[in-house]
There are 2 protein chains.
Amino acid sequence: MSSQATVLAALASPRRREILRLVWKEELSAGTIHRAMPDVTFGAVSLQLRSLLEDGLVEARAESRRRFYRARREALGTFAEVLERMWDDKLWGLKLEAELEGSRRGPRPRRRRRKT
Amino acid sequence: MSSQATVLAALASPRRREILRLVWKEELSAGTIHRAMPDVTFGAVSLQLRSLLEDGLVEARAESRRRFYRARREALGTFAEVLERMWDDKLWGLKLEAELEGSRRGPRPRRRRRKT
DNA sequence: ACATCATTTTAGTTTTATCTAAAATAACGG
DNA sequence: CCGTTATTTTAGATAAAACTAAAATGATGT
């Protein structure tokens with residue numbers, strides 16, 4: 001496992017955590033990862049991928065012009081479970097939020113309101 | 001427990017981890033904590049203490065002019081064990097180092113080969 | 001009230017992290 | 001070779017974190 005200090009530093013960034021979550025169970029190309037986080041440039045994502053790669057928290061596989069990344073769960077040791085729990089909690093949080101939103105006023109189901 | 005994201009952000013800093021380690025099992029005054037890290041000013045330590053306090057990772061008790069801090073292990077959830085493991089590893093590392101040092105001029109112990 | 005001790009707070013500086021925009025690389029198909 | 005696609009890299013901008021020095025606070029003893 002990478003040094004605990006290294007892992008902690010890497011996991012401190014929400015951006016990197018989000019990337020890890022995306023490539024946790026399946027490998028994804030850099031482009032796909034970027035499409036999932038459209039608030040930053042491709043370059044920014046690529047830099048975070050590099051940093052995760054250098055810390056040994058993801059691995060990359062090249063296939064023609066694409067590069068597929070996936071999490072190296074074994075490099076995370078105990079933190080793997082911590083992250084999973086974290087994401088589960090978040091999911092739970094989102095579900096709860098959705099429920100609350102749905103119940104907010106009677107039978108008017110999936111209707112999304114935008115931030116103003 | 002404080003939000004996982006908050007805890008991760010807090011633990012990313014070696015300085016804050018060191019403070020936590022110091023006040024893990026016993027409460028210590030701000031001054032004592034500072035004396036244990038003489039490479040920074042008292043002010044810097046105080047700021048980190050405040051940040052840990054705001055994140056709920058330590059608690060403070062005032063006694064006359066001193067302020068005693070101690071870790072709130074329960075706020076760290078799973079991370080408490082992670083940190084302890086981390087410190088144990090470090091201890092192990094230090095012991096190893098001490099052994100190596102001690103054997104540096106003994107009666108020819110097992111020699112360790114370095115990577116070149 | 002004054003002096004001292006322990007600590008916090010403020011304001012500004014330095015350092016580090018993260019981001020963008022643009023240029024560079026590399027693989028592929030005409 | 002050229003143009004397109006996917007990605008990385010570079011250089012510089014912006015933002016956030018950590019630090020310092022000095023001033024401020026607050027409790028204590030005289």
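Order of the sequence lines fixes the chain letters, A, B, ..., with proteins taken first and strands second; residue numbering starts at 1 for each chain.
- Taking atom CD of residue A/Glu63 and atom P of nucleotide D/dT5, one finds them 18 Å apart after rounding to whole Å.
- Taking atom CZ of A/Arg61 as the reference point, atom P of D/dA6 lies 16 Å away to the nearest angstrom.
- Phosphate contact (OP1/OP2 of D/dA18, side-chain N/O of B/Arg16, threshold under 4.0 Å): present.
- The distance from atom CG of A/Leu47 to atom C1' of C/dT18 is 9 Å, rounded to the nearest whole Å.
- OP1 or OP2 of C/dT7 has at least one side-chain nitrogen or oxygen of B/Ser29 nearer than 4.0 Å.
- Salt-bridge annotation for A/Glu18 and A/Arg21: present, with a side-chain N of the basic residue lying under 4.0 Å from a carboxylate O of the acidic one.
- Using a 4.0 Å heavy-atom distance criterion, A/Gly31 is classed as a sugar-phosphate-only contact.
- Note on B/Arg50: a side-chain N or O is less than 4.0 Å away from OP1 or OP2 of C/dT9.
- A straight line from CZ of B/Phe68 to C1' of D/dA27 spans 14 Å, rounded to a whole angstrom.
- Summarising the geometry, the separation between CZ on A/Phe42 and C1' on D/dT4 is reported as 15 Å, rounded to the nearest angstrom.
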Would A/Ile19 and A/Met37 count as a side-chain contact (heavy atoms from CB on, under 4.5 Å) here? Give the steps. CA-CA 9 Å; A/Ile19 291 176; A/Met37 17 182 69; 3.9 Å; yes

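- At the phosphate of D/dC19, OP1 or OP2 sits under 4.0 Å from a side-chain N or O atom of B/Gln48.
- With C/dC28, D/dA27, D/dT8 as the candidates, the nucleotide lying closest to the side chain of B/Arg65 is D/dA27.
- A/Tyr69 comes within contact range of the sugar-phosphate backbone alone, with a heavy-atom separation under 4.0 Å but no base atom that close.
- Atoms CG (A/Leu53) and P (D/dT7) sit 14 Å apart, rounded to a whole Å.
- Nucleic acid contact for B/Ala30: sugar-phosphate only, since backbone atoms but no base atoms lie under 4.0 Å from a heavy atom of the residue.
- Relative to the side chain of A/Val40, the nucleotides C/dC19, C/dT9, C/dT18 differ in distance, and C/dC19 lies closest.
- Checking the phosphate oxygens (OP1, OP2) of C/dT9, no side-chain nitrogen or oxygen of B/Ser46 falls inside 4.0 Å.
- OP1 and OP2 of C/dA27 both lie 4.0 Å or more from every side-chain N or O belonging to A/Arg66.
- For the OP1/OP2 pair of C/dT20 and a distance below 4.0 Å, the side-chain nitrogens and oxygens of A/Thr41 include at least one atom meeting the criterion.
- Rounded to whole Å, the distance from CG on B/Leu49 to C1' on D/dA18 is 14 Å.
- Note: NE2 (B/His34) to P (D/dT20) measures 8 Å, nearest angstrom.
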